[in-house]
Amino acid sequence: MKRDVLYVDDEVENLIVFQATFDELFNVVTVTSAEEALRLLEQRPFPVVVADQRMPRVSGGELFEIMRQRFPQTKRVMLTGYSDTNAMLASINQGQVFYFIKKPWEQDVVYSVLVRAIEAYDLSNSNIVLTERLVTADRCAMLGRSAAELAHEVGNQLCVLPLTELIEEKYSHDGDLMELAAIARATHDRLLQIVNEVKSFVRFERESAAIQKLPLAEVVREVQEFLRYENGITANTLTVEINATPSVEANRVKLQQVLVNLIKNAAHAIRGRDDGRISLSLTAEGERALIVVSDNGSGMTEEVAARIWEPFFTTKGDEGTGLGLDVARSIIEAHGGTIDCRTAPGAGATFSIRLPIIEQQGPPQPQRPLAVPLGAVSEQPLGEVSCR
């Protein structure tokens with residue numbers, strides 16, 4: 001495949017000769033000014049830019065100095081018909097020119113320079129990729145050490161379960177308090193499982209998560225109960241709809257971990273909006289259960305959306321680690337399911353999780369009202385849920 005070369009010269013005759021000479025060897029694109037070249041570089045990358053030194057308004061050296069700041073990977077080759085030593089030195093020092101070619105140029109010389117410039121461009125990009133991988137590996141090592149310390153400290157704090165048992169024994173007549181104690185017990189169990197998994201991972205032990213037949217409606221309700229004490233999620237923020245009662249083969253804690261992460265991300269996306277809303281819905285699509293988490297937040301550009309599954313990529317700044325969605329996808333795929341995201345700037349985001357159904361029960365039964373309600377729970381007959 002022919003590689004791209006951008007040639008900048010204010011004399012049209014020079015452009016015609018250069019393109020005719022190298023068009024069979026390279027994909028030569030020509031422009032007549034530095035301004036045009038910079039606009040084109042904003043639109044697409046070029047491995048090599050060849051420019052004439054003497055041009056009106058912006059010289060080749062000045063163009064290369066701008067390129068060094070804005071497009072540092074692109075290799076810069078200067079053509080000049082003048083023996084201006086000072087201009088040549090300035091171009092080398094300020095624009096970091098890859099090679100100087102004096103006019104009239106020879107085809108073999110220019111061809112050799114262009115080939116070497118493209119090879120240097122490819123090598124530079126490869127080094128960048130390798131450097132990023134090394135940085136990621138180092139961050140993973142640091143994360144492993146931090147995770148081990150955190151798991152140890154969290155494990156030490158999980159000794160409060162006897163207090164829950166004391167509450168259940170002493171205040172068994174108080175239904176609301178019993179419900180809160182049940183939430184505390186379930187939270188304790190989830191934390192303990194997560195701590196054990198982190199410890200096993202750090203020790204390179206393989207611990208398979210317990211898989212069981214799991215009613216998804218029950219999982220959704222438990223997540224709702226757990227999140228009613230989460231900052232940023234008020235009674236009017238989260239709406240839950242359960243329109244089906246499918247069962248799947250899954251790990252309860254893992255699925256809840258995914259849903260909690262998605263809802264917290266949604267809460268971050270609507271932060272500061274008076275009309276901010278999050279919806280969590282459960283329905284069925286043929287042989288697959290569908291769980292949808294959506295928000296009406298700021299949404300994401302196509303470029304950002306394409307990177308949200310990358311480890312360590314985050315839009316939350318210091319508030320995020322960039323691991324949540326990567327872990328979420330790994331969990332869902334380990335359950336034989338899929339997760340995808342639909343979003344656009346200003347249109348919020350919708351995450352859809354699909355899991356294989358092993359059993360479909362009857363219409364969902366109304367649940368007992370929560371002691372401290374968190375949003376509206378709409379339980380309707382089996383049917384389709386309209387999502388963005």
Side-chain angles (χ1 to χ4, degrees), residues 1-135 301-304 307:
M1 183 180 67
K2 294 193 295 185
R3 304 296 297 274
D4 293 341
V5 173
L6 177 60
Y7 180 40
V8 191
D9 198 319
D10 62 309
E11 297 185 17
V12 177
E13 295 82 359
N14 292 341
L15 298 178
I16 294 173
V17 171
F18 190 92
Q19 187 165 34
T21 304
F22 297 105
D23 199 42
E24 292 186 1
L25 303 170
F26 305 98
N27 179 31
V28 179
V29 179
T30 60
V31 294
T32 58
S33 69
E35 294 85 355
E36 290 181 80
L38 292 172
R39 283 195 294 270
L40 197 57
L41 285 166
E42 290 285 357
Q43 299 171 9
R44 54 186 282 202
F46 282 86
V48 185
V49 173
V50 181
D52 185 39
Q53 166 62 11
R54 295 289 184 94
M55 292 189 295
R57 295 191 301 277
V58 180
S59 69
E62 292 169 333
L63 167 64
F64 285 173
E65 185 176 355
I66 296 172
M67 287 177 56
R68 182 174 65 88
Q69 301 295 329
R70 294 168 57 182
F71 313 100
Q73 303 308 317
T74 300
K75 301 306 173 185
R76 299 168 286 278
V77 176
M78 183 75 75
L79 295 181
T80 180
Y82 302 89
S83 300
D84 190 342
T85 305
N86 291 332
M88 292 174 62
L89 289 174
S91 297
I92 293 172
N93 293 332
Q94 299 173 16
Q96 292 184 353
V97 175
F98 178 79
Y99 205 90
F100 247 102
I101 300 177
K102 291 197 64 176
K103 294 181 179 179
W105 47 263
E106 297 180 8
Q107 180 178 353
D108 292 344
V109 173
V110 175
Y111 173 76
S112 175
V113 170
L114 293 179
V115 169
R116 281 184 284 148
I118 291 173
E119 290 175 347
Y121 172 84
D122 291 340
L123 181 60
S124 176
N125 284 340
S126 298
N127 288 338
I128 290 174
V129 172
L130 290 174
T131 301
E132 289 177 349
R133 289 178 180 174
L134 288 173
V135 171
T301 64
E302 184 177 348
E303 292 77 13
V304 171
R307 299 191 59 194

> Measure the shortest side-chain to side-chain distance between Val31 and Leu40 over non-hydrogen atoms and say whether it is less than 4.5 angstrom.
yes
> What's the shortest heavy-atom distance between Val50 and Leu114, and which atoms?
CG2-CD2, 3.7 Å
> I need the Ser59 OG to Glu65 CD distance, nearest 0.5 Å.
9.0 Å
> At what distance, to the nearest 0.5 angstrom, does CD of Gln19 lie from CZ of Phe26?
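Output value for this atom pair is 13.5 Å.
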> Which atom names give the shortest non-hydrogen contact between Leu15 and Val8, and what distance separates them?
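Heavy atoms only, the tightest pair is CD2-C, 4.4 Å.
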> Would you confirm whether the ring centroid of Phe100 sits within less than 6.0 angstrom of the ring centroid of Trp105?
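No, ring centres 6.0 Å or more apart.
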> So how far is it from Phe71 CZ to Arg76 CZ, rounded to the nearest 0.5 Å?
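Between Phe71 CZ and Arg76 CZ, I get 11.0 Å after rounding to 0.5 Å.
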> Does the distance from a Lys or Arg side-chain N to an Asp or Glu carboxylate O, for Glu62 and Arg57, drop under 4.0 Å?
no
> So, do Val49 and Tyr7 sit near enough that their side-chain heavy atoms are less than 4.5 Å apart?
no
> Check this for me: Tyr121, atom OH, are more than 12 non-hydrogen atoms of other residues, nucleotides or ligands nearer than 6.0 Å?
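Counting other residues, nucleotides and ligands, OH of Tyr121 exceeds 12 neighbours.
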> Taking the side chain as every heavy atom from C-beta outward, state whether Met55 and Glu11 have any pair of such atoms under 4.5 Å apart.
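Not in contact.
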> Is there side-chain contact between Glu106 and Tyr111, with at least one heavy-atom pair below 4.5 Å?
no
> Provide the closest heavy-atom pair for Lys75 versus Ser124 in the form atom of the first, atom of the second, distance.
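It is NZ-CB, 4.4 Å.
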> Please walk me through it: do Arg70 and Leu41 pass side-chain contact (heavy atoms from CB on, under 4.5 Å)?
CA-CA 9 Å; Arg70 294 168 57 182; Leu41 285 166; over 6 Å; no
> Can a salt bridge be assigned to the pair Glu24 and Lys2 using a cut-off of 4.0 Å between side-chain N and carboxylate O?
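Looking at Lys2 together with Glu24, the answer is no, because their closest N to O distance does not fall below 4.0 Å.
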> Going by an N to O cut-off under 4.0 Å, is there a salt bridge joining Asp122 and Arg3?
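So Asp122 pairs with Arg3 through a salt bridge.
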> For the CG atom of Asp10 and the CZ atom of Arg54, what is their distance to the nearest 0.5 Å?
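Asp10 atom CG to Arg54 atom CZ measures 11.5 Å (nearest 0.5 Å).
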> Of all the heavy-atom pairs spanning Val5 and Phe46, show the shortest one and how long it is.
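Looking at all heavy atoms of both residues, the closest pair is C-CD2, 4.0 Å.
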> To the nearest 0.5 Å, what is the distance between CD1 (Ile101) and CG (Asp52)?
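With rounding to 0.5 Å, CD1 (Ile101) is 11.5 Å from CG (Asp52).
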> Do Met78 and Phe64 make a side-chain contact, defined as non-hydrogen atoms from C-beta onward lying under 4.5 Å apart?
yes
> With a 4.5 Å cut-off on side-chain heavy atoms, are Gln53 and Leu79 touching?
no
> Does a donor on one side chain and an acceptor on the other come within less than 3.5 Å for Thr21 and Gln107?
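The answer is no; no qualifying pair exists.
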> Nearest heavy-atom pair of Val48 and Ala117: which atoms, and what distance?
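Looking at all heavy atoms of both residues, the closest pair is CG2-CB, 3.6 Å.
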> Can you give me the closest heavy-atom contact between Val58 and Leu63, atom names plus distance?
CG1-N, 3.8 Å
> Using 0.5 Å steps for rounding, measure from the OG1 atom of Thr30 to the CG atom of Asp9.
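Here the interatomic distance stands at 9.5 Å.
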